[in-house]
Participant: 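Take a look at the following structure, please.
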Amino acid sequence: MKKRSVAMMMSMLALSAALVSTTPVMAKTDDTEETTTEETTEEAEDGEAKSEDAAKSQTLEDGVYTAEFDTDSSMFHVNEAMDGKGTLTVKDGKMTIHVSLASKKIVNLFAGTAEDAQKEGAELLEPTSDKVTYSDGMSEEVYGFDIPVPAIDEEFQVALIGTKGKWYDHKVSVKNPVKEEDAEVSDDAEKDTEKTEGKKIADLGVEDGSYTAEVTLTGGTGRATVDSPAAIEIKGDEATATIVWSSPYYDYMLVNDEKYLPVNKDGNSTFEIPIAEFDTEMEVTADTTAMSQPHAIDYTLNFDSSTLKEAEKKDAK
C-alpha cells in the first residue's frame, strides 16, 4: 500500500510540474503574436508615411518645364522633331504635359483605362493642331494633347482611340523635368559668372559696310539654332544683324524691350536687330507659335568680333 501511495504522489507531482512548465510557454506565444501584429502595423504605417514623403519630394514648384515623355508603344510617341520631350506646366500643384504626336491618326486620349474611356460621361482629351519642323527643314501639322500628370517618374494609364474607332490601353511616364528658365545654364556656378565686357563698334575700328560674323545662340530647350555667320551692316556707331532662325514659326523678337517683326514672309523666320556690343552675351526674347499656344522664350546671342570680315560682293548681273 505504501508503495502504491508513493507512486501516486510521484505521478501527481510530475503532472503538476508539467502543467507549470507549459503555462508560461503559452503565455509567451500569445505575447509574441501580439508584438508581431503591432510591429507589422507600425511597419505598414511607416511604409505609407515613406510613400507620402516620396510623393511630396516629387512635387514641382509652379512653372513651365521641358520633360521626357515615354510610352510603351512605338505607335504612340512624341514626334521625332520634339526629341522625345513635351512641355510640362505646373500650376497650383497640378501637372499637365503637352506633347506633339507623330501624326493625326490618334484622335482622342483619356487619362485612365480604355474601359473607363467608353463609359458615359468620360471626359476625353481633345487634340490641338501643332506645327512641327524636322531637321531637314520640312514641316507639317500634327495632333498634340494636354495630358494630366499624376506623378513624375511613375507609370500611369493613358488610353487612346485612333481613326478606326477602337480604344487601346497604354502606360506612359514623365521624367527629367527641367525648368525652362534654368535651361540656359548647365551649371549653378555659371549663373554667378559676371557678364563679359563687350566691344562697341567704335572699339573695332571698322568702316561702314557689309560684314559677316560668327554668332552663337544659347537658351531655350537647345533645339533652336540661328544661321552663322550672320550678315551685319555697320553704319557709324550702329550695327544691324540679320538673324535667320531654324524655324518659320517665330513671329517677333524683343531686344532691349523693343519689338521686332520678321522681314520675310516665306521660309525660316528672319529678323534685323541691332547689336549694341560684340563678344558678350546679348539677351533677346523670341516668340514661337510652333506649340499649341504662342510661347516667348529667352535666349542669348553672342557675336564674335574676331570673325568679323567684309561680306563677299555679289557679281552684278
Side-chain angles (χ1 to χ4, degrees), residues 131 133-139 180-181 183-186 190-191 193-291 293-317:
K131 297 176 182 177
T133 302
Y134 301 100
S135 58
D136 60 1
M138 296 293 291
S139 62
E180 288 198 352
E181 63 187 32
E184 300 177 19
V185 183
S186 59
E190 290 182 4
K191 295 180 181 179
T193 303
E194 294 184 1
K195 187 176 179 180
T196 305
E197 186 176 350
K199 295 178 181 178
K200 297 184 180 298
I201 305 302
D203 299 328
L204 301 179
V206 294
E207 298 178 353
D208 293 356
S210 299
Y211 296 83
T212 63
E214 299 289 337
V215 56
T216 55
L217 174 77
T218 57
T221 60
R223 291 194 292 268
T225 60
V226 296
D227 286 358
S228 181
I232 297 172
E233 289 291 328
I234 295 179
K235 186 175 182 180
D237 58 354
E238 295 182 354
T240 301
T242 300
I243 299 298
V244 182
W245 290 86
S246 57
S247 162
Y249 301 116
Y250 288 97
D251 59 347
Y252 70 82
M253 288 183 67
L254 294 176
V255 182
N256 294 327
D257 295 326
E258 188 169 345
K259 189 173 183 179
Y260 294 85
L261 300 177
V263 295
N264 65 320
K265 293 183 179 179
D266 299 319
N268 289 343
S269 302
T270 303
F271 297 83
E272 293 180 352
I273 61 173
I275 306 174
E277 293 180 320
F278 286 75
D279 304 325
T280 188
E281 291 185 349
M282 173 179 165
E283 296 179 355
V284 300
T285 298
D287 188 78
T288 178
T289 60
M291 291 181 275
Q293 295 180 347
H295 196 65
I297 305 174
D298 293 330
Y299 297 96
T300 60
L301 295 170
N302 194 319
F303 296 89
D304 185 355
S305 67
S306 67
T307 64
L308 187 69
K309 64 179 182 179
E310 290 188 24
E312 295 180 2
K313 294 181 180 180
K314 296 181 179 179
D315 295 333
K317 293 183 180 180

Participant: Can you name the nearest heavy-atom pair linking Leu308 to Ala213, along with the distance?
Facilitator: CD1-CB, 3.9 Å

Participant: Would the distance check show the side chain of Asn256 and the main-chain N or O of Glu258 forming a donor-acceptor pair, the cut-off being under 3.5 Å?
Facilitator: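 Here the side-chain-to-backbone pair does not exist.
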
Participant: Are any non-hydrogen side-chain atoms of Ile232 and Phe278 less than 4.5 angstrom apart?
Facilitator: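 SC-SC contact between Ile232 and Phe278 confirmed.
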
Participant: Do Thr285 and Tyr252 touch side chain to side chain, with heavy atoms closer than 4.5 Å?
Facilitator: no

Participant: Atom OG1 in Thr212, atom CD in Glu310: separation rounded to 0.5 Å?
Facilitator: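 Atom-to-atom, Thr212:OG1 and Glu310:CD are 10.0 Å apart.
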
Participant: Could you list the residues that satisfy side chain to side chain donor-acceptor pair (under 3.5 Å) with Thr240, not counting sequence neighbours?
Facilitator: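 Here no residue qualifies.
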
Participant: Taking Asp279 for the side chain and Gly198 for the main chain, is one N or O donor matched with an acceptor at less than 3.5 Å?
Facilitator: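 Looks like no, no N/O pair under 3.5 Å.
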
Participant: Atom NZ of Lys131 and atom OG1 of Thr288: how far apart are they, to the nearest 0.5 Å?
Facilitator: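 Those atoms lie 9.5 Å apart.
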
Participant: With rounding to the nearest 0.5 angstrom, report the OH to CZ distance, Tyr211 to Phe303.
Facilitator: 16.0 Å

Participant: Apply side chain to side chain contact (heavy atoms under 4.5 Å, CB included) to residues Ile243 and Val284 and explain how you reach the verdict.
Facilitator: CA-CA 12 Å; Ile243 299 298; Val284 300; over 6 Å; no

Participant: Only pairs at least two apart or in different chains count here, so list each salt bridge (charged side-chain N to carboxylate O under 4.0 Å, His left out) that has a residue in residues 229-253.
Facilitator: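 For residues 229-253: none.
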
Participant: Using 0.5 Å steps for rounding, measure from the CG atom of Leu254 to the NZ atom of Lys259.
Facilitator: 7.5 Å

Participant: Can you sort out the partners of Ala276 under side-chain contact (heavy atoms from CB on, under 4.5 Å), two or more places apart, ordered by chain and number?
Facilitator: none

Participant: Passes side chain to side chain contact (heavy atoms under 4.5 Å, CB included), Leu217 versus Trp245? Steps please.
Facilitator: CA-CA 10 Å; Leu217 174 77; Trp245 290 86; 3.8 Å; yes

Participant: Working to the nearest 0.5 angstrom, can you tell me the gap between Glu207 CD and Ile234 CD1?
Facilitator: 10.5 Å

Participant: Testing the basics here: between Tyr299 and Ala224, what is the closest heavy-atom pair and its distance to 0.1 Å?
Facilitator: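 In terms of heavy atoms, the two residues are closest at OH-CB, 3.9 Å.
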
Participant: So among Ile273, Thr218, Ile275, which one has a side chain to side chain contact (heavy atoms under 4.5 Å, CB included) with Leu301?
Facilitator: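 The passing option is Ile273.
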
Participant: Using every non-hydrogen atom in the two residues, find where Asp287 and His295 come nearest and quote the distance to one decimal.
Facilitator: OD1-C, 3.4 Å

Participant: Taking side-chain contact (heavy atoms from CB on, under 4.5 Å) as the test, write out the residues that go with Ser228, two or more places apart.
Facilitator: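 Testing Ser228 for side-chain contact (heavy atoms from CB on, under 4.5 Å), a comparison that skips the adjacent residues, returns Glu214, Val215.
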
Participant: With a 4.5 Å limit on heavy-atom distance, are the side chains of Pro248 and Asn268 in contact?
Facilitator: yes

Participant: Mind checking what makes side-chain contact (heavy atoms from CB on, under 4.5 Å) contact with Thr216, not counting sequence neighbours?
Facilitator: Asn302

Participant: Check whether any side-chain heavy atom of Ser246 lies under 4.5 Å from a side-chain heavy atom of Thr133, and answer yes or no.
Facilitator: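 When only atoms from C-beta onward are counted, Thr133 and Ser246 do not touch, as no gap falls below 4.5 Å.
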
Participant: Which pair of heavy atoms, one from Tyr249 and one from Ser247, lies closest together, and at what distance?
Facilitator: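 Reported closest heavy-atom pair: N-OG, 3.1 Å.
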
Participant: Who are the side-chain contact (heavy atoms from CB on, under 4.5 Å) partners of Lys200, not counting sequence neighbours?
Facilitator: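 Lys200 satisfies side-chain contact (heavy atoms from CB on, under 4.5 Å) with Asp203, Glu277 only.
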
